[in-house]
Amino acid sequence: MPPHTRPVFAANWKMNVGPTAAAAFVESFLAASPTPSNGTVILFPSALALATVRHALALRQDIRVGVQNIHAEEKGAFTGENSAIIAADAGAAYVLVGHSERRHVFGETDAETARKCARAVEHGLVPVLCVGETIEQRERGETEHVVLHQLRTGLSSLSHDAVADVIIAYEPVWAIGTGRTATPEDAAVVHRVIRAALVELVGEPGRGIPILYGGSVTPVNAAALLGADQVDGVLVGGASLDPASWAAICSAGTT
Ligand code: 13P
């Protein structure tokens with residue numbers, strides 16, 4: 001896989017956009033973005049819409065696709081789950097690991113995120129490890145501690161070389177789907193802490209690991225967030241569901 005040209009624009013459609021809507025989305029998005037972005041564009045559709053999205057992107061190999069979750073085991077009796085092997089076979093190149101909704105709605109633990117990252121790498125998927133504090137943790141002054149714990153534990157089963165190939169997403173839980181975005185400076189403070197930890201972990205290659213910001217990113221605030229120190233891209237939920245809005249975000253910060 002070619003390296004991730006920055007900025008990285010990642011769209012997490014969550015449990016929205018079925019195959020029919022996904023095909024229409026891609027058609028509209030490609031019409032609005034007829035030439036490849038100067039950065040890296042990644043779509044995370046529902047696993048059931050992945051094949052449709054890949055098919056619709058056949059002429060635009062510059063746009064990459066991933067899945068929103070995998071199970072930590074390779075295979076077996078896990079009804080309803082998808083493995084890294086299945087995701088890779090279906091054409092996914094990336095996987096979101098430890099998204100706030102996986103942690104807080106589905107009770108995913110740090111230990112599971114570590115196993116999922118390891119499994120992803122084993123099968124050639126790039127893990128996008130998501131970290132972020134709740135509002136209560138932020139108000140108690142625990143942001144740095146929480147984020148670093150999630151980061152170090154999530155990456156703990158990977159070799160140094162593998163860590164250098166991951167993507168990190170900082171998504172403060174209080175900013176997700178709330179319309180309450182971190183300011184560029186709020187984001188920069190945490191991104192600097194994450195960068196320092198990555199460099200401590202793997203040395204100089206840690207500077208090349210993209211760190212994305214997520215949480216109520218819109219076409220209006222994307223450029224300012226992308227201009228913040230150590231913010232290498234964005235991970236977008238709600239505002240990625242509309243092709244025009246997503247196209248506007250993908251052109252922010254690249255000129
Ligand atoms: P919103 O952009 O809807 O706040 O969601 C962010 C997110 O969770 C992306 O993974």
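Start at 1 and go down the list; that is how both ligands and their atoms are numbered.
Counting protein heavy atoms only, atom 5 (O) of ligand 1 is closest to K14 NZ, 3.2 Å. Atom 9 (C) of ligand 1 has as its closest protein heavy atom E171 OE2, 2.9 Å. Of the protein's heavy atoms, G177 N, 2.6 Å lies nearest to atom 4 (O) of ligand 1.
Distance check: I211 CD1 to Y170 OH gives 12.0 Å after rounding to the nearest 0.5 Å.
Listed by number with element, the atoms of ligand 1 under 4.0 Å from a non-hydrogen atom of A175 are 4 (O). When each atom of ligand 1 is checked for a heavy atom of L235 under 4.0 Å away, the hits are 9 (C), 10 (O). Short contacts between ligand 1 and G238, defined as distances under 4.0 Å to a heavy atom of the residue, involve ligand atoms 1 (P), 2 (O), 3 (O).
Of the listed options E101, Q68, R180, H99, H99 places a heavy atom closest to atom 8 (O) of ligand 1. Of the candidates A169, S100, G237, the one placing a heavy atom closest to atom 2 (O) of ligand 1 is G237.
Within the structure, the closest approach of G215 to ligand 1 falls below 4.0 Å when heavy atoms are considered.
For the side-chain contact (heavy atoms from CB on, under 4.5 Å) criterion with E171, the lone passing option out of V217, I176, L212 is I176.
In this structure, H191 and Y213 have tilted ring planes: the angle between them lies in the 30° to 60° band. In this structure, F9 and W246 have perpendicular ring planes: the angle between them is above 60°, well past the 30° mark.
Residue contacts with ligand 1, taken as heavy atom pairs separated by less than 4.0 Å, involve I176 via backbone and side-chain atoms alike.
Across all non-hydrogen atoms, the minimal contact from R207 to R6 is O-NH2, 3.0 Å.
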Fill in: Stepwise ring-ring contact (aromatic ring centres under 6.0 Å, His included) test for Y94 and H4
CA-CA 12 Å; Y94 299 82; H4 303 106; 5.5 Å; yes

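Around the CD atom of Q230, the shell of radius 6.0 Å holds more than 12 heavy atoms that belong to other residues, nucleotides or ligands.
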